[in-house]
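The structure appears below as C-alpha cells.
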Amino acid sequence: MSTIAAFYGGKSILITGATGFLGKVLMEKLFRTSPDLKVIYILVRPKAGQTLQQRVFQILDSKLFEKVKEVCPNVHEKIRAIYADLNQNDFAISKEDMQELLSCTNIIFHCAATVRFDDTLRHAVQLNVTATRQLLLMASQMPKLEAFIHISTAYSNCNLKHIDEVIYPCPVEPKKIIDSLEWLDDAIIDEITPKLIRDWPNIYTYTKALGEMVVQQESRNLNIAIIRPSIVGATWQEPFPGWVDNINGPNGIIIATGKGFLRAIKATPMAVADVIPVDTVVNLMLAVGWYTAVHRPKSTLVYHITSGNMNPCNWHKMGVQVLATFEKIPFERPFRRPNANFTSNSFTSQYWNAVSHRAPAIIYDCYLRLTGRKPRMTKLMNRLLRTVSMLEYFINRSWEWSTYNTEMLMSELSPEDQRVFNFDVRQLNWLEYIENYVLGVKKYLLKEDMAGIPKAKQRLKRLRNIHYLFNTALFLIAWRLLIARSQMARNVWFFIM
Ligand SMILES: CCCCCCCCCCCCCCCCCCCCCCCCCCCC(=O)SCCNC(=O)CCNC(=O)[C@H](O)C(C)(C)COP(=O)(O)OP(=O)(O)OC[C@H]1O[C@@H](n2cnc3c(N)ncnc32)[C@H](O)[C@@H]1OP(=O)(O)O
Ligand SMILES: NC(=O)C1=CN([C@@H]2O[C@H](COP(=O)(O)OP(=O)(O)OC[C@H]3O[C@@H](n4cnc5c(N)ncnc54)[C@H](OP(=O)(O)O)[C@@H]3O)[C@@H](O)[C@H]2O)C=CC1
C-alpha cells in the first residue's frame with residue numbers, strides 16, 4: 001500500500017486554481033489514488049456564464065476524469081465548490097463557508113495565479129502576491145492544518161542563470177508594492193512597472209518571485225513548501241498520455257506550427273527545452289504534501305521540478321520530433337504545409353516574418369476580399385507574432401536548477417510510492433512523449449477526430465503540390481526576366497537547350 005495515498009485518506013484538502021490545467025490533474029490523481037479522502041474544497045468563481053456547479057460538472061464529465069469515476073463513483077459528493085474570487089477582500093467567501101474551511105482544512109495546495117505574461121501589475125500583484133498573503137493568513141487560523149503547498153515557477157528567478165532551491169529576495173519589499181498599488185493610479189503604475197521589474201522578462205515571473213517572498217515572510221509557524229515547475233506540458237503517463245487543455249506555453253506554438261501559420265521561430269536550437277509533464281509535477285506535489293505534513297521540516301523547503309539537469313532535451317530535438325509527428329498525424333485544414341525552422345539571428349527572423357508570415361497573410365486577405373469575405377489573416381498573424389515574441393526569452397536561454405531537495409524526497413519514498421507517485425524524469429523518453437503530446441493537442445485541444453487523418457493527409461499533398469507549382473512559377477518568371485535582361489543568362493539558356 002502506498003504511504004502517500006494512505007496519508008490523504010480521510011483528509012480535507014483545499015485547492016485554489018482547481019479549474020486550471022495543473023489543478024484538474026491534481027484533483028484527478030488525488031481521487032484516483034486516495035478515493036477515501038474526506039473532501040476536496042475548491043475555490044471557484046463563476047465564469048463564461050457558468051455557475052460553480054456547472055463548472056464542476058463540466059470538469060468531472062471530461063475524459064480526464066473517466067478513470068476516477070470507476071474508482072470513486074461518488075466523486076461528485078466529495079468535491080465541495082466554494083464561491084470565491086481571489087481578487088476580492090477575504091476572497092468574497094461567505095461566513096459559513098469560511099468557518100467550514102477554517103475548521104476542517106488539513107492540507108492546502110495553492111495553485112491559483114494569473115499566468116499571463118502581459119497582465120497589468122495591479123492585477124498580477126493582487127492575484128500572485130496579495131491573494132497568497134491572504135491565504136496564508138487564513139491558513140494561520142486553521143487548527144487542523146498540516147501543510148501548505150505553494151506552487152511557484154522555476155522562472156521566478158529567471159534573471160539568474162543558476163538557481164538554487166532557496167527563496168531569493170526581491171529588490172523591493174512585496175508589502176511596499178502592495179501598499180503603493182493601493183493609491184497609485186494606473187498611468188503611474190504603467191510608468192514605473194519597467195523600473196520595478198528590472199531584469200525580469202515579464203510581470204508574471206516578477207510577481208511569482210514576490211509571491212515566494214510573501215510566503216517566506218508570512219509563514220508564521222505553518223508547515224510550508226514551495227514547488228517550482230519549469231514549463232508544464234501535457235501528461236506523460238497518467239491518467240493517459242498527452243492530455244492537455246490550454247494554449248499556454250508550447251501548446252499554442254504546436255497548434256500554430258501544425259496549422260501552417262508559424263514557419264520560423266527565433267530560438268536557440270541547442271538551448272534546453274525545459275518542459276516537464278503535468279502528471280510528474282502533480283506526483284511531486286502530493287509527495288511534498290505528505291513529507292511536509294509528516295516530517296515537518298524546520299524551514300520552508302523549495303523543490304525544483306525541471307527536466308534539464310536530469311534528462312535534457314533541446315529545442316532542436318523537440319522541433320524535429322514535433323514536425324515528424326505532423327507527417328504521421330497531421331492537423332485538419334492547415335493554412336499552409338507545416339514546416340518551420342529555428343533562427344537565432346534577428347535579421348533572418350525579421351526576413352522570415354516578412355516572407356513566411358506577413359506576406360502570405362496579406363495575399364490570403366486579398367483573396368478573402370476579392371471573394372467578398374472579411375479579411376482576418378493579417379490580424380491573426382500579428383497576434384501570433386506578438387505571442388511568439390513574448391515566449392522568445394524562454395527559448396533562447398538555458399538555466400541550471402539545482403534539485404537537491406527533490407532528489408532527497410525521492411530517496412525518502414518507499415519503492416511503492418516511487419512507483420505510484422513517480423516524479424523521476426530520467427525515465428522519460430522524449431521522442432515518445434513529444435509524439436503523444438502532439439497527438440494530445442490534436443485530440444483534446446483541437447478536438448479533431450482521428451478518422452479525419454486520411455483527408456488531412458490528402459490536403460497536405462495538395463498543399464505540397466501548390467507549393468511546388470508556386471515555386472516553379474516564381475522561378476520561371478524570374479528566369480524569364482533574367483533572360484530578357486542579361487546576355488550571359490541567354491547564353492546559359494541556349495547552351496542548356
Ligand atoms: C533543421 C530542422 C530544424 C527543426 C526546427 C523545427 C522548428 C519547428 C517548431 C515546431 C514546434 C516546436 C514546438 C516547441 C515550441 C517551442 C516554444 C515553446 C515556448 C514555451 C515558452 C514558455 C515559457 C514559460 C515560462 C514560464 C512558465 C510558467 O511559469 S507559466 C505558464 C506560461 N504562461 C503562458 O504561457 C501564458 C502566455 N500567454 C499570454 O501571456 C497571453 O496569451 C499572450 C500575452 C501571449 C497573448 O495575449 P492576448 O491578449 O493577445 O490574447 P489571448 O486571448 O491570450 O491570445 C491571443 C491569440 O494568441 C493565441 N495564443 C495565446 N497563447 C499562445 C501561445 N502560447 N502560442 C501560440 N498562440 C497563442 C491565442 O490562440 C489567440 O489566438 P486568436 O484567438 O486566434 O487570436
Ligand atoms: N502552466 C505552466 O507552464 C506553469 C504553471 N506554473 C504555476 O502553476 C500554477 C497553475 O498554473 P496553470 O494551472 O497552468 O494555470 P491556469 O491558468 O490553467 O489556472 C489558473 C487557475 O487560477 C484560477 N484563478 C485565476 N484568477 C482567479 C480568481 N480571481 N479567483 C479564483 N481563481 C482564480 C483560475 O480560475 P478560472 O478557471 O476561474 O480562471 C484557474 O483555476 C500557477 O501558480 C502557475 O504559476 C508554474 C510553472 C509553469
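Atoms within a ligand are numbered from 1 in the order they appear, just like the ligands themselves.
Residue L127 places no N or O, backbone or side chain, under 3.5 Å from any N or O of ligand 2. Looking at ligand 2, you'll find an N or O of F21 within less than 3.5 Å of one of its N or O atoms. Polar contact check, V232 against ligand 2: a nitrogen or oxygen pair lies under 3.5 Å apart. Residue V115 has no N or O atom closer than 3.5 Å to an N or O atom of ligand 2. The shortest N/O to N/O separation between G20 and ligand 2 falls below 3.5 Å.
When the heavy-atom distances from atom 48 (C) of ligand 2 to S230, G249, P229, S156 are ranked, the shortest goes to S230. Closest heavy-atom approach to atom 43 (O) of ligand 2 among the candidates K208, R228, M285: K208. Compare R55, R45, K47 by their heavy atoms: the one nearest to atom 37 (O) of ligand 2 is in R55. In this comparison of A18, A84, A113, the heavy atom closest to atom 20 (C) of ligand 2 sits on A113.
Judged by a 6.0 Å distance limit and a 45° cone about the ring axis, K11 is positioned over the six-membered ring of F7.
The proximity of Y204 to ligand 2, defined as any non-hydrogen pair under 4.0 Å, is limited to the side chain.
Contact analysis leaves T114 out of contact with ligand 2, as no non-hydrogen atom separation drops below 4.0 angstrom. For F91, the closest heavy-atom approach to ligand 2 does not fall below 4.0 Å. Not a single heavy atom of A154 sits under 4.0 Å from any atom of ligand 2.
Proximity to C111 (heavy-atom distance under 4.0 Å) selects the following atoms of ligand 2: 9 (C), 10 (C), 42 (C), 43 (O).
Counting non-hydrogen atoms of other residues, nucleotides and ligands closer than 6.0 Å to CZ of R220 gives a total above 12.
Residue pairs meeting the side-chain hydrogen bond (donor to acceptor under 3.5 Å, both in side chains) criterion with at least one partner in residues 283-292, sequence neighbours excluded, are K29-N283.
Between R80 and E96 there is no salt bridge, since no side-chain nitrogen of the basic residue lies less than 4.0 Å from a carboxylate oxygen of the acidic one.
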